[in-house]
Amino acid sequence: MDFMTDRDVQKYKEDGFVVLDGLLSSQECDELRQRMNEIVDQMDVPEHCRTTFTTYHDEQLKTQGSADYFITSGDKIRFFFEKGVFDDQGEFKVPKHLSLNKVGHALHAYEPLYKKVTHSAKVQGIAKKLGLVSPVILQSMYIFKQPGIGGEVTAHQDATFLHTEPLGRVMGLWIALEDATVNNGCLWFIPGSHRSGISRRMVRTPKGSFPLTDFIGREQAYQEDTFVAAPVQKGGVVLIHGEVVHRSAENISEESRHVYTFHVMEALDTRWSPDNWLQPTEELPFPPLYT
Ligand code: AKG
């Protein structure tokens, strides 16, 4: 039997998301977490985090450094931190393993264990079940949602950041490496919200200008009671339609909520927007999912 059933496909199409249990074994989750632990052990803290800003000019350099670091991270493995984890001297105020918000955006390409999971038979089976002909991998992230300080992710649609023509070509796979619950910051969705287009787009600004990106349009105000929680057990995956509205709360619990997530795009008859922050590069064109 397929890992993803016809019923799951129907639910994904109706709601814009679906939770599938058992994509990974508990051991596979632990191996991915262990590898991330090693990556963080060896992490070079980015220069812009270390800059002490005493003048307006320093502060601007820091902001510019941080924007550059983000916008050129599509084909690299880079480190993004929670707010307030560095002191004025650029030293950690918390243990470094507890300081990270996420690591991105090319684990799927450069880290063998992550690459293996991304191209696993089950993942390829999901894409085939959904009828994807020529899916490619756009980006990947390891998200920590640290206990006590893991920040809120406000309501958004992924196509705001990963825009295609036509819309409807992008899907996120969000794999829980630990149980994700309403206490430690699981995802929440507005079921069916993937059918109304997008309200906001993040675009690159013209070369040489700052900031490097800007928004066209604005996120709507969504009604709190229209969101439903999508808790998922360790090893399960949430499929996220590119236009479905979703969010996650801050993690005020004592449990972390690590996930590995990546986005795929049906490349057949799809135009990837040259205005997106993320662009394929010579070093890393978007790799095909099917092997
Ligand atoms: C996304 O990757 O689009 C998310 O919304 C992730 C949010 C989270 O992991 O809390």
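For ligands, and for the atoms within them, numbers begin at 1 and follow the listed sequence.
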Those residues that, when tested against Lys129, pass salt bridge (charged side-chain N to carboxylate O under 4.0 Å, His left out) (two or more places apart):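 Residues passing salt bridge (charged side-chain N to carboxylate O under 4.0 Å, His left out) with Lys129: Asp2, Asp6.
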Test: Arg247 and Glu224 ion pair at under 4.0 Å: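 Salt bridge flag = yes for Glu224 with Arg247.
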Please check if any side-chain donor atom of [X] sits under 3.5 Å from a side-chain acceptor atom of [Y], or the reverse.
X	Y	answer
Asp214	Thr205	no
Gln42	Glu38	no
Asp158	His246	yes

Could you please provide the protein residues found below 4.0 Å of ligand 1 on a heavy-atom basis, arranged by chain and number?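 If the criterion is a heavy atom under 4.0 Å, then ligand 1 touches Met141, Ile143, Lys145, Val153, His156, Asp158, Trp174, Leu187, His246, Ser248, Arg257.
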Residues His156, Arg200; criterion side chain to side chain contact (heavy atoms under 4.5 Å, CB included); working and verdict: CA-CA 9 Å; His156 67 280; Arg200 192 172 62 127; 4.2 Å; yes
